[in-house]
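In what follows, a single structure is set out as structure tokens and then discussed.
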Amino acid sequence: MKFKVLFLDVNIDKLEEEREYYFKQSYFAKLVFLFTIGCFAGWLWETVLSFFQFGKFYSRVGVLYGPLNPIYGIGVVIMVLFLRPIKKWYNQLIIGAIAGGSFEYIAWAMSMIVLNSATWNYSSPFTITIGETTYTLFKWAYWGGTSLFHSFFWGLCGLACIRLFFPPINKLVDRMSLDFANYIAVILTVLLAIDIFLTCAALLRQMTRNSCATTGKLCFKDNIITIWLDEHYPDSLLEEIFQNLKKYD
């Protein structure tokens with residue numbers, strides 16, 4: 001489609017093609033920026049929430065270095081990938097709730113299987129006492145790794161991500177040169193990957209260390225890697241960083 005504006009030929013189809021091409025080329029950078037912002041927002045949300053729950057601020061980081069919680073970062077990226085093709089807000093809410101709740105439960109299950117520990121384990125806070133018997137309400141809606149209410153919260157987060165947060169990130173990256181945006185995204189990816197890898201290695205080493213000391217299982221001969229992890233990430237440091245990490249038998 002072509003028309004003239006101030007004596008200039010404007011090809012709308014070509015402009016749309018160029019815009020779509022740039023979007024695809026910069027999509028990786030946009031998702032990396034979204035992931036990083038989601039990690040920080042998740043840490044901030046959990047930290048503020050801990051104050052209302054316990055009357056004081058607790059560390060709610062998910063990695064060794066930086067105020068970041070990757071669960072939220074991955075969650076918001078999943079939301080954008082799943083919800084961007086969907087147009088109706090109520091469909092976005094439903095799909096977001098299913099996708100977010102499923103992801104949260106899978107992440108919890110993997111943590112329980114691999115580390116025998118988790119930073120969350122939901123159970124119903126609603127109880128009623130009749131006589132000497134206490135009954136738990138809405139027990140059916142809580143499934144350990146997630147709940148009906150938390151899934152609905154994920155749905156709301158999905159709406160916020162796709163309608164409030166992603167558009168300005170999209171515009172911000174569009175104003176950057178493609179090379180600069182991808183350059184920053186690669187640097188962030190490398191730094192985040194190192195942080196997440198070290199976190200997983202330290203927590204796995206803590207699990208094997210404690211298992212060997214208490215049950216005699218998962219005992220490995222000391223090597224340069226285990227010695228380095230023991231020296232740099234002892235239990236005392238990990239317990240200080242991950243204050244809400246709980247073991248489950």
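Just so you know, these numbers come straight off a predicted model, no measurement behind them.
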Notebook entry, point to check: With hydrophobic residues grouped by side-chain heavy-atom distances under 4.5 Å, do Leu156 and Phe103 end up in a single group?
Noted result: no
Next item on the list: Ignoring hydrogens and angles, tell me if any N or O in the side chain of Gln92 forms a donor-acceptor pair with the backbone of Ile86 under 3.5 Å.
Entry: yes
Item checked: Residues which pass ring pair (Phe, Tyr, Trp, His ring centres under 6.0 Å) with Phe197, listed by chain and number, not counting sequence neighbours -> none
Checklist line | Nearest-0.5 Å distance that lies between atom CZ in Phe82 and atom CE in Met79 | finding: 9.0 Å
Next item on the list: Scan residues 37-50 for pairs that pass side-chain hydrogen bond (donor to acceptor under 3.5 Å, both in side chains), counting only residues two or more places apart or in two chains.
Entry: Trp43-Thr47, Glu46-Tyr72
With a cut-off of 3.5 Å and sequence neighbours excluded, list every side-chain donor-acceptor pair involving residues 229-237.
from, atom 1, to, atom 2, distance (Å)
Asp230, OD1, Arg205, NE, 2.9
Asp230, OD1, Arg209, NH1, 2.5
Asp230, OD2, Arg205, NH2, 2.9
His232, ND1, Trp228, O, 2.9
His232, ND1, Trp228, NE1, 3.3
Tyr233, OH, Tyr65, OH, 2.7
Asp235, OD1, Arg209, NE, 3.4
Asp235, OD1, Arg209, NH2, 2.6

Margin query: Can you list everything that forms a side-chain contact (heavy atoms from CB on, under 4.5 Å) with Ile37? Sequence neighbours excluded, please.
Written below: Ile169
Check: Do the side chains of Phe149 and Ile94 join up, straight or via other hydrophobic residues, at under 4.5 Å, putting them in one cluster?
Finding: no
Next item on the list: Mark yes or no for whether Ser26, through its side chain, and Ala29, through its backbone, hold a donor-acceptor pair below 3.5 Å.
Entry: no
Check: Which heavy atom of Thr146 sits nearest a heavy atom of Ser151, and at what distance?
Finding: OG1-OG, 3.6 Å
Notebook entry, point to check: Which pair of heavy atoms, one from Leu64 and one from Ala202, lies closest together, and at what distance?
Noted result: CD1-CB, 4.2 Å
Notebook entry, point to check: Closest heavy-atom contact between Val76 and Gly38?
Noted result: CG2-CA, 4.0 Å
Check: What are the two closest non-hydrogen atoms of Ala185 and Thr189, and how far apart are they?
Finding: O-OG1, 2.7 Å
Next item on the list: Calculate, to the nearest 0.5 Å, the distance between atoms CD1 and OH belonging to Ile95 and Tyr90 respectively.
Entry: 12.0 Å
Notebook entry, point to check: Under a single-linkage definition using a 4.5 Å side-chain heavy-atom cutoff for Ile, Leu, Val, Met, Phe, Trp and Tyr, are Val173 and Leu81 assigned to the same hydrophobic cluster?
Noted result: yes
Check: How far apart are the closest heavy atoms of Gly66 and Val63, and which atoms are they?
Finding: O-CG2, 4.0 Å
Margin query: Would you say CD1 of Ile224 has more than 12 non-hydrogen atoms from neighbouring residues, nucleotides or ligands within 6.0 angstrom?
Written below: no
Check: Around Leu204, counting heavy atoms of other residues, nucleotides and ligands shown, do more than 12 lie under 6.0 Å from its CG?
Finding: yes
Margin query: Ser102: which residues meet the side-chain contact (heavy atoms from CB on, under 4.5 Å) condition with it, sequence neighbours left out?
Written below: Ile98
Next item on the list: Can you tell me which residue pairs pass the side-chain hydrogen bond (donor to acceptor under 3.5 Å, both in side chains) test with a partner in residues 32-42, sequence neighbours excluded?
Entry: none
Notebook entry, point to check: With sequence neighbours left out, what residues match Ser147 under side chain to side chain donor-acceptor pair (under 3.5 Å)?
Noted result: His150
Check: Which distance, rounded to the nearest 0.5 Å, do you find between the CZ of Phe165 and the CG of Leu159?
Finding: 11.5 Å
Check: Going hydrophobic residue to hydrophobic residue with side-chain gaps under 4.5 angstrom, can you get from Phe35 over to Ile106?
Finding: yes
Note to self: Just to verify, what does Tyr105 make a ring pair (Phe, Tyr, Trp, His ring centres under 6.0 Å) with, not counting sequence neighbours?
What the structure shows: Trp108
Item checked: Contact check, side chains of Lys30 and Asp174, non-hydrogen atoms, under 4.5 Å -> yes
Margin query: Using 0.5 Å steps for rounding, measure from the CG atom of Asn182 to the CD1 atom of Ile187.
Written below: 11.5 Å
Item checked: Phe57: ring pair (Phe, Tyr, Trp, His ring centres under 6.0 Å) partners, not counting sequence neighbours -> Phe51
Check: How long is the gap from SG on Cys39 to CG on Leu188, to the nearest 0.5 Å?
Finding: 10.5 Å
Notebook entry, point to check: Which heavy atom in Pro67 sits nearest to a heavy atom in Val61, and how many Å separate them?
Noted result: CA-CG1, 4.1 Å
Notebook entry, point to check: Can you name the side-chain contact (heavy atoms from CB on, under 4.5 Å) partners of Leu172, sequence neighbours left out?
Noted result: Met176
Item checked: Same cluster (ILVMFWY, side-chain, under 4.5 Å), Leu192 and Val190 -> yes
Item checked: Nearest-0.5 Å distance, CD1 of residue Ile184 to CG of residue Asp179 -> 11.5 Å
Checklist line | Contacts of type disulfide bond (SG atoms under 2.5 Å apart), residue Cys212, not counting sequence neighbours | finding: Cys219
Next item on the list: Would you please name every residue forming a side-chain contact (heavy atoms from CB on, under 4.5 Å) with Val80, sequence neighbours left out?
Entry: Tyr27, Leu31, Leu34, Ile162, Phe166
